[in-house]
Enquirer: 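The structure is given below, and queries will be raised subsequently.
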Amino acid sequence: MIAWFASLSQQQALQARLEQAAPDSAAAIALAIELAWYLRQSDPARAHQLSQHSAAAPAALRLRARLIQAEQDWLMLRLEAGWKLAASVLQESAGLAHEATHEIRLLQADAHALLYALSSERGAQQDFMHHAQTAQSLAQQAGDALRSACAQCAILTDQILRGLPQAAAICEDWLQRDWRQQAPALLAVLGNALGLYLHPGAHMERALSCYILAAQASQQSGQMRRAIIAASNVSRVLANLNELDGALEWTERSLQLVRPYAWPGLHASCLVQYSECLMLLGRSDEAQQIGLQALQMQQPQANSRNYCHTLMQMGHVELRRKDFQAAYDWHQQLAELAQKLQHPDFLASARIGLLRALCGMGQAENALQQGLDWLPGMDPVELGMARLDILQALAAACATLGQHAARLHWLQQALALAHTIPGMQISAALLDELAQASKALGLPGQALEFARQANRQRSHSHNQSASQRAQAMQIRHQSERVQQEAEHLQALAAAEARRVAALEDMRNSLTLLGEIGCEMHSRRKLDDLFLDLQQQLHNLLDAKYCTLLLPSAEGDALETVFRLQDGAALPPYRVALDAHDSHAVISWRERRSLLIDAAPGQDNPMQRSDAPICLSALFGPLLLGERVLGVLTIQAPPRHAYGERELLIFNNLCAYGAVALENVQAWQTLEHTWQELVEQDKLAALGRLVSGVAQELSAPLAASLSLATEREQALQHLQASLQSGALNAAGLSAHCQQQQATGQDLLQHLQHAANLISSFKQIAVDRANASARDFDLAITSQEVADTLINQVRQGGHQLTLAIAPGIVMHSYPGPYGQALYALLSNALTHAFKAPGGQITLRAAINNAQQVHISLEDNGCGIAAERLEHIFEAFTRPPTQAQSGNGLGLSICHNIVTQLLGGQIEAHSQAGAGTVFHLYLPLDVA
């Protein structure tokens, strides 16, 4: 199943499998879409490229590719386009019940996950909760605990932001467990949620640790969006701890992460955090400009929490700039949007800002009245911190109006509320205000006590702040050390991966070289061998110029057999073996390879006037044992074109070339010998054919001669009777009847002889002219059988033809007859040790395009160890080593498989006869 996100090592393994898959195959397309899914945030351009061929993928993978595009639309704030694509994935996936259920559920869970993210950007809270819960349920049904937990964390984050009480219980439960051991894909989400829970209270150093861990886990799992958010959150915590240098550093990290992707929403969030840092550094004007830039980028998400946060930041900046009217306007916009989106935290922040802006504009009475109106609606449990700020704002308004008793009242309520907030540290500023209010009312003792408490709290806060900053620095240093160690380990892993890749490349090269060697060894002609060698050199190395030199017939020089530049032939040349400055001669004489790098302009003995200028060259001897068969050289124009790897490949190709060259020469000798033996076999076969035909003709011709002699004697007797007058009508009639019978017998014998001669003539013509024509299989087979019938009778055997009439083939009748003659002769020669043998020739249409011919005998059979070599040349029965030359079945096999385009098989067992099966096409064309 396709995971939610994948680690870098998993992505690399998937990439390796993709490279090994056949291009455009179903497996390659599936791997490409899966890899695109994992790269959708870390490398969106590559993900888009990989998912381009999804049209040929199964429906589920096509929809996942569409989901990748929908996520890019979301990140680029094309919210409506992303929503439509994600919704279409849900709609179409509903009709895929016939496909893998778990895979479809995960696809639908991922679509709902994207829709809840889009709902958040669009400010649709009800849609967010529906899609988040559905995504969690579908992932759970599909058995994917990681996706289910990520959806739960998304819901948890929303609950934290809304201040819902159940969020605290869930977060505390996680914090009690060893949550840091979760998978990186989950840590990226969970760390952000827990950091958000811990951040507002007194545990900012723990929040910092959570955010840093989330940032690291996000990058490990390829969740760049969450990595950017986590880096920005780290900056926010450091800013709250007054560690502004660290805050700026992490803000810059977040900006560096987001810039390559140009995601406007995330870029704007990073700019807002940058604006906050500038504001805290007293650079409020710059902070204002950065905030305005962020607002412009966030216009498509103007109904989101992120937009609320930017409005709040703009209000804070204007308060710092003391532009209270602008601050009031920004906080008023924030209040309207927060109320519309039902975000009580932002609504409370907006009201606090409005009160401060009103006070700054000199409208303290208005601020007091607004504060009194808002105070009852603020829950002291869910919005305790915000209510505390409202109470202090009311006290400030009362101080402006000179209402000291009311001021003290609101400050005392604020103090009481602060004591009820878990983990809340009473601020020295609040105690100072209480001291001032008490003094203004003429309560010096109370004022003194509050002043003392303020000093103690200030000292405590200072120490605590210093401790928190120290812890923050420690956490930063630890995280940086862990990051450095991780980067070091990644560098080691990358180096190891490169080493493994190099070894794998070398292994693949050696494997490829082995395959090339096998292919080269199959070459039978020198031209084919060199062209193959040149092509392989061109594929594996920079071989602009390639030459093969062989020794001359006189043995005093090396002559170019082939000489090519970019595949085009160059004029041949020869170099004397006593030319001591020739690299080819040195390689030949010293039997070693040479790697040449010539400097431009220097004397270059390898350079020929009719060849391009080449500064790099390899020369290698074609060694076979102690013999040097020739020299191979390749050359390239640039310097340093060849190194140790290229030399290793070249040496291997030279070794394979030497063996292949020896094979070619041996094969040429063998082929010449083979042709001589084949011609001898053809002559012997023709002799046997002529002998068989002569034997067949002797019987009808002898009978015809005897009948002709009898007829001549009868005519002489008739003539004598006629001269003596002894011939009467009855005698003449008897003589005529006798001559008629004799004539019929004579005609029959002569007709039989004529048929034999006709068959012999047809076979001879077909063998002499191997051209395709139509012929009747039964007739042609009978003609061949007739030429052997005398041999069959002499051996006391029986030959039966069972061939269906009307099987017309368009093929080569002569070669077919030669193959059939070889099979029949083989059976008569080797199959029978005594008379009584039975040979049966059958033929029938196997399918509309093929005929099946079988020749079966009941002879002695063939042993299993000999059967697999039956069609090899020079194979004879061990007991009949002097019978024939052993080429009959080999020639038969070549005729059937090469000329007739068919197949031939032999099935036999010792003592159980033999069957030859021929499968021939009805039309060789």
Side-chain angles (χ1 to χ4, degrees), residues 4-5 41 74-75 109-110 112-137 139 146-175 177 179-180 182-201 203-204 206-215 217-218 221 223-234 236-237 254 265-266 269 272-273 301 303-309 312 338 341-346 349 382:
W4 178 234
F5 280 95
Q41 288 189 15
W74 163 50
L75 293 171
D110 295 342
H112 280 290
L114 182 55
L115 286 171
Y116 74 61
L118 286 162
S119 299
S120 178
E121 300 286 3
R122 301 169 75 195
Q125 175 60 26
Q126 291 183 345
D127 288 346
F128 169 85
M129 192 56 63
H130 163 70
H131 290 299
Q133 291 174 344
T134 306
Q136 189 272 331
S137 176
L146 177 62
R147 277 183 171 89
S148 178
C150 288
Q152 288 176 330
C153 285
I155 297 172
L156 175 62
T157 302
D158 180 73
Q159 292 172 342
I160 295 170
L161 291 171
R162 295 183 179 281
L164 301 182
Q166 60 265 37
I170 298 173
C171 289
E172 289 297 336
D173 179 62
W174 272 112
L175 291 169
R177 291 189 274 166
W179 63 274
R180 290 178 173 80
Q182 301 296 323
L186 178 57
L187 276 181
V189 191
L190 182 58
N192 264 319
L194 294 178
L196 188 64
Y197 167 70
L198 294 167
H199 184 186
H203 303 290
M204 285 191 286
R206 295 176 66 192
L208 181 65
S209 177
C210 291
Y211 284 142
I212 290 176
L213 186 60
S218 298
S221 57
Q223 299 185 69
M224 298 311 299
R225 173 181 171 273
R226 294 196 180 278
I228 295 164
I229 293 172
S232 184
N233 286 337
V234 171
R236 185 170 294 112
V237 175
S254 66
L266 288 170
S269 296
V272 171
Q273 183 55 36
Q301 55 177 168
N303 286 325
S304 66
R305 282 190 62 88
N306 287 334
Y307 197 79
C308 288
H309 186 262
M312 183 180 70
L341 300 178
Q342 299 179 358
H343 290 321
D345 53 339
F346 281 119
S349 178
E382 294 186 5

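These numbers come from the heavy atoms of this one structure, side chains and all, not from hydrogens, waters or symmetry mates.
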Enquirer: Is any side-chain N of the basic residue among Asp158 and Arg305 closer than 4.0 Å to the acidic one's carboxylate O?
Expert: no

Enquirer: Taking all atoms of both residues into account, what is the closest heavy-atom pair of Ser232 and Ser254, and its distance?
Expert: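 It is N-CB, 4.0 Å.
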
Enquirer: Using the test side chain to side chain contact (heavy atoms under 4.5 Å, CB included), find all partners of Ser304 that sit at least two apart in sequence or belong to another chain.
Expert: Glu121, Gln301, Asn306, Tyr307

Enquirer: Atom CD of residue position Glu172 - does it have more than 12 heavy atoms of other residues, nucleotides or ligands inside 6.0 Å?
Expert: yes

Enquirer: Of all heavy-atom pairs between Ala214 and Asn192, which one has the smallest distance, and what is that distance?
Expert: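 That closest heavy-atom pairing would be CB-N, 3.7 Å.
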
Enquirer: With rounding to the nearest 0.5 angstrom, report the CD to CD distance, Gln133 to Gln152.
Expert: 10.5 Å

Enquirer: Give me the atom names and distance for the closest heavy-atom approach of Leu194 to Cys210.
Expert: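 So the minimum-distance heavy-atom pair works out to CB-SG, 4.0 Å.
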
Enquirer: Atom CD1 in Ile229, atom CZ in Arg236: separation rounded to 0.5 Å?
Expert: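 It is 10.0 Å, given to the nearest 0.5 Å.
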
Enquirer: Take atom CD of Gln166 as the centre, draw a 6.0 Å sphere, and report whether it contains more than 12 heavy atoms from other residues, nucleotides or ligands.
Expert: yes

Enquirer: Using modelled atom types only, decide if a donor and an acceptor are shared between the side chain of Tyr211 and the backbone of Leu196 within a distance under 3.5 Å.
Expert: yes

Enquirer: How long is the straight-line distance from CG of Leu190 back to CG of Leu213, given to the nearest 0.5 Å?
Expert: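 CG of Leu190 is found 9.0 Å from CG of Leu213.
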
Enquirer: Decide whether a cation-pi geometry holds between Arg177 and Trp179; the criteria are a distance under 6.0 Å from NZ or CZ to the six-membered ring centre and an angle within 45° of the ring axis.
Expert: no

Enquirer: Nearest 0.5 Å please: distance from the NE2 atom of His112 over to the CZ atom of Arg147.
Expert: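 Answer for the NE2-CZ pair, His112 versus Arg147, is 13.5 Å.
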
Enquirer: Let me see the working for Leu115 and Asp127 under side-chain contact (heavy atoms from CB on, under 4.5 Å), right down to the final yes or no.
Expert: CA-CA 8 Å; Leu115 286 171; Asp127 288 346; over 6 Å; no

Enquirer: Main chain of Ala151, side chain of Gln136: is a donor-acceptor contact present, judged purely on distance under 3.5 Å?
Expert: no

Enquirer: I'd like to check the side chain to side chain contact (heavy atoms under 4.5 Å, CB included) partners of Leu341; sequence neighbours left out, ordered by chain and number.
Expert: Asn303, Cys308, Leu337, His343

Enquirer: I'd like to know if the side chain of Ser120 and the backbone of Tyr116 have a donor-acceptor N/O pair within less than 3.5 Å.
Expert: no

Enquirer: List for me each residue that meets ring pair (Phe, Tyr, Trp, His ring centres under 6.0 Å) alongside Phe5, sequence neighbours excluded, and say none if there are none.
Expert: none

Enquirer: Would Leu175 and Arg206 count as a side-chain contact (heavy atoms from CB on, under 4.5 Å) if you check the C-alpha gap in whole Å, the side-chain angles of each, and the deciding distance to 0.1 Å?
Expert: CA-CA 10 Å; Leu175 291 169; Arg206 295 176 66 192; 3.8 Å; yes

Enquirer: Which atom names give the shortest non-hydrogen contact between Ala185 and Leu146, and what distance separates them?
Expert: CB-CD2, 3.8 Å

Enquirer: Show the nearest heavy-atom pair for residues Arg180 and Leu187, with the distance to one decimal.
Expert: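 Arg180 and Leu187 have their closest heavy atoms at O-CD1, 3.4 Å.
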
Enquirer: What distance do Gln182 atom CD and Cys153 atom SG have between them, rounded to the nearest 0.5 Å?
Expert: 9.0 Å

Enquirer: Please report the closest heavy-atom contact between Ser349 and Met312, naming both atoms and the distance.
Expert: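 Closest pair (atom of Ser349, atom of Met312, distance): OG-SD, 3.1 Å.
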
Enquirer: At what distance, to the nearest 0.5 angstrom, does CG of Leu161 lie from CG of Leu156?
Expert: 9.5 Å

Enquirer: Any side-chain heavy atom of Ile170 sitting closer than 4.5 Å to one from Gln159?
Expert: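 Yes, close enough: below the 4.5 Å cut-off.
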
